[in-house]
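First comes the structure, then the notes that go with it.
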Amino acid sequence: MGLDDKDKSNESEVSGETMPKTPPNEENVDEQSGGMSRQMSENSISVTEDEEDDEDRKIELGPQYTLKEQFEKDKDDESLRRWKEQLLGSVDFESVGESLEPEVKILSLAIKTPGRPDIVLSVPENGRPKGSWFTLKEGSRYSLQFSFQVSNNIVSGLKYTNTVWKTGLKVDSTKMMLGTFSPQAEPYTQELPEDTTPSGFFARGSYSAKSKFVDDDNKCYLEINYTFDIGKEWLQTEV
C-alpha cells in the first residue's frame with residue numbers, strides 16, 4: 001500500500017525482519033541441479049511501467065513436480081538431500097497429497113504505525129471491501145503486515161503488488177518480492193518496509209487501489225479492490 005511521493009518502478013525485496021515464527025525464505029535452485037523449485041525466468045522479476053502489461057506477460061517455467069516427487073529426486077546427491085531435509089523436514093507428506101498446484105491463503109492484514117494501535121483489516125471474501133477501507137493521517141509513517149499459509153506444494157516467487165489512483169490518475173505503484181515458501185502448518189508473517197503518506201492540500205482526499213498476491217505463474221491468490229482516505233488527522237474510531 002505504498003504511498004510515497006515517488007512511483008516505485010523497480011522491484012525490491014522485503015528488507016524488514018519477519019516475525020519470530022517465520023522461517024527464512026528458501027532460495028530458488030536450478031532444476032538441473034536437483035533443486036526443489038522451478039527456475040524463475042527473467043520475466044518473473046522484472047517490472048514494467050504499466051501493471052497490465054506485466055500481468056499479461058507469459059512466464060515460461062520448467063515442469064512441475066509434486067512435493068513428494070521433488071523430495072525423491074537426486075537421492076544420491078548428499079548435499080541436496082540434506083538441503084531438502086532441512087527445507088521440508090517438518091512437512092507432513094500425507095497432508096500435502098499429490099497436488100501440483102500450491103495454495104496460499106492470506107489470513108490477516110494490518111497497518112502498523114509507530115505509537116498507535118494497529119489498524120486490523122478484515123480480508124474480504126469477494127475482494128471488495130464496502131466503503132472506505134481505512135483512513136491514514138497525512139505525513140504519517142506506516143507499514144503493512146500480513147500473515148499467510150502455504151499448502152499442497154512449494155510456492156515460487158510469491159510477490160505483493162499494489163497500485164494506487166487518485167481522481168483516475170495512477171499516483172503510486174509498488175511491487176515487493178516476498179520469496180519462495182514451502183507448505184507448513186504454521187503461518188508465515190511478513191512486514192513490508194516502512195513508508196510515509198504524502199501530505200498537503202492536494203494529497204488529502206479519497207484514493208482507489210488494487211492489491212494482489214501472485215506467484216511466478218501469475219497465479220493470483222488474492223486481489224483486493226478498495227478505497228481509502230488520507231486526512232488531516234486520524235479518525236477517532238481508529239485511536
- Message: Could you check whether Arg204 pairs with Glu233 (Lys NZ or Arg NE/NH1/NH2 to Asp/Glu carboxylate O, under 4.0 Å)?
- Response: no

- Could you tell me the separation between the CG atom of Asn225 and the CG atom of Asn126, rounded to the nearest 0.5 Å? 9.5 Å

- Task: Check the angle between the aromatic planes of Tyr226 and Phe134 and answer parallel, tilted or perpendicular using the 30° and 60° thresholds.
- Result: tilted

- Message: Under the criterion side-chain hydrogen bond (donor to acceptor under 3.5 Å, both in side chains), I'd like the reasoning laid out for Asp229 against Ser132: C-alpha separation, chi angles, the key distance, then a yes or no.
- Response: CA-CA 7 Å; Asp229 296 314; Ser132 180; 3.1 Å; yes

- Item | For the student: nearest non-hydrogen atoms of Glu103 and Asn152, plus distance | CG-ND2, 3.5 Å

- Flag for Thr174-Asn162: side-chain donor and acceptor within less than 3.5 Å: no

- Item | Val164 vs Phe228, side-chain contact (heavy atoms from CB on, under 4.5 Å): CA-CA, chis, key distance, verdict | CA-CA 10 Å; Val164 181; Phe228 66 97; 4.0 Å; yes

- Where is the tightest heavy-atom contact between Pro124 and Ile224, given as atom of each residue plus distance? CG-CG2, 4.2 Å

- Backbone N/O of Pro102 and side chain of Lys219: donor-acceptor pair under 3.5 Å: yes

- Message: Is the shortest side-chain heavy-atom distance between Leu107 and Lys105 below 4.5 Å?
- Response: yes

- Message: Minimum heavy-atom separation for Lys166 and Ser206, please, with both atom names.
- Response: CG-O, 3.7 Å

- Message: Taking the side chain as everything from C-beta on, heavy atoms only, tell me whether Ser143 gets closer than 4.5 Å to Leu192.
- Response: no

- Query: Heavy-atom distance under 4.5 Å between the side chains of Thr163 and Thr161, does that happen here?
  - Reply: no

- Message: Please enumerate all residues that pass side chain to side chain contact (heavy atoms under 4.5 Å, CB included) together with Glu194, with sequence neighbours excluded.
- Response: Pro114, Arg141

- Item | Close side-chain approach of Val155 and Thr180, heavy atoms under 4.5 Å | no

- Item | Intermediate values then yes/no, side-chain contact (heavy atoms from CB on, under 4.5 Å), Gln145 and Gln190 | CA-CA 6 Å; Gln145 179 179 285; Gln190 292 273 354; over 6 Å; no

- Message: If you define the side chain from C-beta out and look only at heavy atoms, does anything of Asp215 sit under 4.5 Å from Leu178?
- Response: no

- Message: As a quick check of understanding, evaluate side-chain contact (heavy atoms from CB on, under 4.5 Å) for Lys137 and Ile230, giving each step before the final call.
- Response: CA-CA 6 Å; Lys137 180 183 177 181; Ile230 292 180; over 6 Å; no

- Task: Check whether any side-chain heavy atom of Ile111 lies under 4.5 Å from a side-chain heavy atom of Asp118, and answer yes or no.
- Result: no

- Donor-acceptor pair, side chain of Thr227 and main chain of Gly131, under 3.5 angstrom: yes

- Task: Could you point out which residue of Tyr160, Phe181, Tyr221, Tyr188 forms a ring-ring contact (aromatic ring centres under 6.0 Å, His included) with Phe213?
- Result: Tyr160

- Item | Spatial distance of atom OG (Ser208) from atom CH2 (Trp133) [nearest 0.5 Å] | 13.5 Å

- Message: Under a 3.5 Å distance rule, please check whether Gln149 uses its side chain to pair with a backbone N or O of Pro187 as donor and acceptor.
- Response: no

- Residues Thr189 and Ser147: closest non-hydrogen pair is OG1-CB, 3.9 Å

- Task: Name all residues meeting the side chain to side chain contact (heavy atoms under 4.5 Å, CB included) criterion together with Val214; count only those two or more places apart in sequence or in a different chain, and write none if there are none.
- Result: Lys159, Lys212, Cys220

- Do Thr196 and Ser140 have side-chain heavy atoms sitting under 4.5 Å apart? no

- Message: Once rounded to the nearest 0.5 Å, what's the spacing between atom CG of Asp217 and atom OG of Ser156?
- Response: 7.5 Å

- Query: What do the steps show when you test Leu144 against Glu191 for side-chain contact (heavy atoms from CB on, under 4.5 Å), and what is the final call?
  - Reply: CA-CA 6 Å; Leu144 176 65; Glu191 183 173 344; over 6 Å; no

- Task: Measure the shortest side-chain to side-chain distance between Trp234 and Arg116 over non-hydrogen atoms and say whether it is less than 4.5 angstrom.
- Result: yes

- Mind checking the OG-NZ spacing from Ser173 to Lys210? Nearest 0.5 Å is all I need. 10.0 Å

- Item | For Ile119 against Thr135, the heavy-atom pair lying closest together | CD1-O, 4.0 Å

